[in-house]
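Here's the structure we're looking at; comments come further down.
Please read all numbers here as calculations on a predicted model, not as lab measurements.
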Amino acid sequence: MARELRRLLRPPGPFRFHESAARFGMAREERVNLYDGRTFRRAAGEGAGGLFLIEAEAGGEGAEAPVAMTLRAPESLPRGAARAGERALGHMLAFDLDLAPFCAMAREDPRLAPIVERFEGLKPVRYLSVFEALVTAITTQQVNVGFGAAIRGRMTERWGDSLRLGGESYFAFPRPEALARAKPRELRRLQFSERKAEYVIGVARAAAEGEIDEDLLRRLPLEEAVERLSALRGVGRWTAEQGLFRGLGRVEAFPGGDLGVQKVVARYCLGRERAEEERVRRVAARWAPWGGLAVAYLFAAWRAGVPPARPLRKRPSRSASRE
DNA sequence: TACCAGGTAAAAA
DNA sequence: TTTTTACATGGT
């Protein structure tokens, strides 16, 4: 098979590539899901020899443009790469998610309406597995996202498979079997806390043992799925919701305990800087079953520097835009 | 210098 | 059962 393959993908319905992929470009230290403002890159495939690079770009302007996918490998693309690449990219960019019912609801909500109007076609991006989503969430527990991405990046360089292309190394997210064999001491050296090290190794062992059943987690009612994941040490409600939302695309998961969510809901829906979990959950109740999706749109507005409809009460301007 | 970062588990009350 | 506290470290 060739070293390179190009495909033009047409997601059903509107899709805004850059606004969606921007979520992957949040931290400069990110080593697995790379987005530079133009191209999304991600190593996928099995093992060192079967690895290939997925690249994706907008195939034009606007929400109706296709997505241009390119697959690359140093020697030759592994058998089945075309299908696997298309499948992986479609999952990560949530091609299967139908935004129409959410948008219909959002247009009736005076807080969401202007944001959805501007960003319609934004999809909440996903990781390649619940395992990846859980470990990614654990690394950012209680620390700023940059530091979380930094230690995750070191972890990835140590335990992830990699491929070399055009003088660059690209890393796949470490496989559970690899991380399951890591020693807490090794992770400590990469600036993981003792706890985080234990959590990550524990979740990796569970995944390696097949105890994270994605099909089941997809089918289960959200609360039951959260409960099941929360049985893993180091996985509280927030991490479980991240796992379901970012791993499986369960957009009804609303992470009300999330500091960022509290800020963004407070900002755009309550006209304040910060609100408590209970309060933001009450606000989000009217977005059910698309709470997580609403959050994705609020974050997009925040990242783009969209001002709230009403000026904030107390402590007026603190720069809120990112990037 | 404190205090906060897109939390969690375990101890203390 | 509910409420603190330790955890690690970088940025402001």
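Rounded to whole Å, atom P of C:dA8 lies 16 Å from atom CG of A:Asn144. The CE-C1' distance, from A:Met26 to B:dG6, rounds to 7 Å in whole Å. One can place CZ of A:Phe192 at 24 Å from P of C:dA6, the figure rounded to the nearest angstrom. In this entry the distance linking CZ of A:Arg195 with C1' of B:dT8 reads 7 Å, nearest Å. The interatomic distance linking A:Glu194 (CD) with C:dT9 (P) rounds to 11 Å, in whole Å. Regarding A:Ile138, its CD1 atom lies at a distance of 21 Å from the P atom of B:dA5, rounded to whole Å. Look at CD on A:Glu273: it is 14 Å from P on B:dC4, rounded to the nearest Å. One atom, CD of A:Glu30, and another, P of B:dG6, lie 15 Å apart when rounded to the nearest Å.
Between the P atoms of B:dC4 and C:dT5, the separation comes to 14 Å (whole Å). Between the P atoms of C:dA6 and B:dC3, the separation comes to 14 Å (whole Å). Rounded to the nearest Å, the gap between the P atom of B:dG6 and that of C:dC7 is 22 Å. Taking atom P on both nucleotides, B:dA11 is separated from C:dA8 by 15 Å, rounded to a whole Å.
The aromatic ring centres of A:Tyr297 and A:Phe102 sit less than 6.0 Å apart. Outside the 6.0 Å centre-distance limit, the rings of A:Tyr127 and A:Phe173 are not counted as a close aromatic pair.
Counting non-hydrogen atoms under 4.0 angstrom, A:Gln142 reaches a base of the nucleic acid. Contact annotation for A:Leu190: no contact, since no heavy-atom pair falls under 4.0 Å across all strands. When heavy atoms are screened at a 4.0 angstrom cut-off, A:Val143 is found touching base atoms of the nucleic acid. Residue A:Val264 is out of contact with every strand shown, counting any heavy-atom pair closer than 4.0 Å.
Evaluation of A:Phe147 against the base of C:dG11 yields no stacking contact (centre distance < 5.5 Å, interplanar angle < 30° required).
Annotation: of the two residues near DNA chain B, A:Ser230 and A:Pro255, the 5′-most nearest-nucleotide partner is A:Pro255.
Close to C:dG10, at under 4.0 Å from its OP1 or OP2, lies a side-chain N or O of A:Gln191. The side chain of A:Thr239 contributes an N or O atom lying less than 4.0 Å from OP1 or OP2 of B:dT8. Between A:Arg233 and B:dA10 there is a side-chain polar atom (N or O) within less than 4.0 angstrom of OP1 or OP2.
The CZ atom of A:Arg31 sits 12.0 Å away from atom CG of A:Asn33, with the distance rounded to the nearest 0.5 Å. To the nearest 0.5 angstrom, A:Phe299 atom CZ is 7.5 Å from A:Arg303 atom CZ.
Checked for salt-bridge contact, A:Glu277 and A:Lys263 miss the test: no charged N lies under 4.0 Å from a carboxylate O.
Relative to the side chain of A:Tyr199, the nucleotides C:dA8, B:dA9, B:dG7 differ in distance, and B:dA9 lies closest. Minimum atom distance to the side chain of A:Arg188 is reached by C:dT9, of the listed B:dA5, C:dC7, C:dT9.
Listed by chain and number, the hydrophobic cluster partners of A:Leu216 are A:Leu220, where partners are ILVMFWY side chains within reach of under 4.5 Å, directly or through others.
Pairing for C:dA6 is with B:dT8, a Watson-Crick or G-U wobble pair whose two hydrogen-bonding atom distances lie under 3.5 Å.
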